[in-house]
Amino acid sequence: MNPPASPFAREATRLTWRFKNQILWVEPWGRDSIRVRATVLPEMPLRDWCLLPPEPSTPEITVDTDSARIANGQ
């Protein structure tokens, strides 16, 4: 028997969570910043709305079966 799949995943520098028709993205957005986006659409809208472009950053992301963590800077 296979263990249940985790709803969490690391996609490049982004932490994602998927459950049924819900999608959540948590991603670095510059120095010491995190951006959170959520949708119930089939795909996440890729509009940045009125935000400034993100500066490059390297977050620390850990994913387990039933939990996940992202840290970006301080």
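Just so you know, these numbers come straight off a predicted model, no measurement behind them.
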Pairwise distance CD1(I61) to CZ(F8) - rounded to 0.5 angstrom: 12.5 Å

Sidechain-backbone polar pair: T13 side chain, T58 backbone, donor-acceptor under 3.5 Å: no

Atom pair CD (E27) and OG (S33), whose distance is rounded to the nearest 0.5 Å: 11.5 Å

Path from V40 to V36 over hydrophobic side-chain contacts below 4.5 Å: no

Main-chain N/O of L41 paired to T39 side chain as donor or acceptor, under 3.5 Å: yes

Heavy-atom closest pair, residues W29 and P54: CZ2-CD, 3.5 Å

4.5 Å side-chain heavy-atom contact, L15 and V63: yes

Side chain proximity check, D32 to N72, heavy atoms < 4.5 angstrom: no

Minimal non-hydrogen separation, E55 against R31, with atom names: OE1-N, 4.4 Å

From CD1 (I70) to CZ (R10), nearest 0.5 Å: 8.0 Å

Polar side-chain atom of S6 near backbone of D64 as donor-acceptor pair, under 3.5 Å: yes

I34 side chain reached by V26 side chain, heavy atoms, under 4.5 Å: yes

From R37 atom CZ to M44 atom CE, the distance as rounded to the nearest 0.5 Å: 6.5 Å

Atom CG of L52: over 12 foreign heavy atoms under 6.0 Å: no

Any donor-acceptor pair under 3.5 Å from R18 side chain to K20 backbone: no

Over 12 non-hydrogen atoms of neighbours within 6.0 angstrom of CD in E43: no

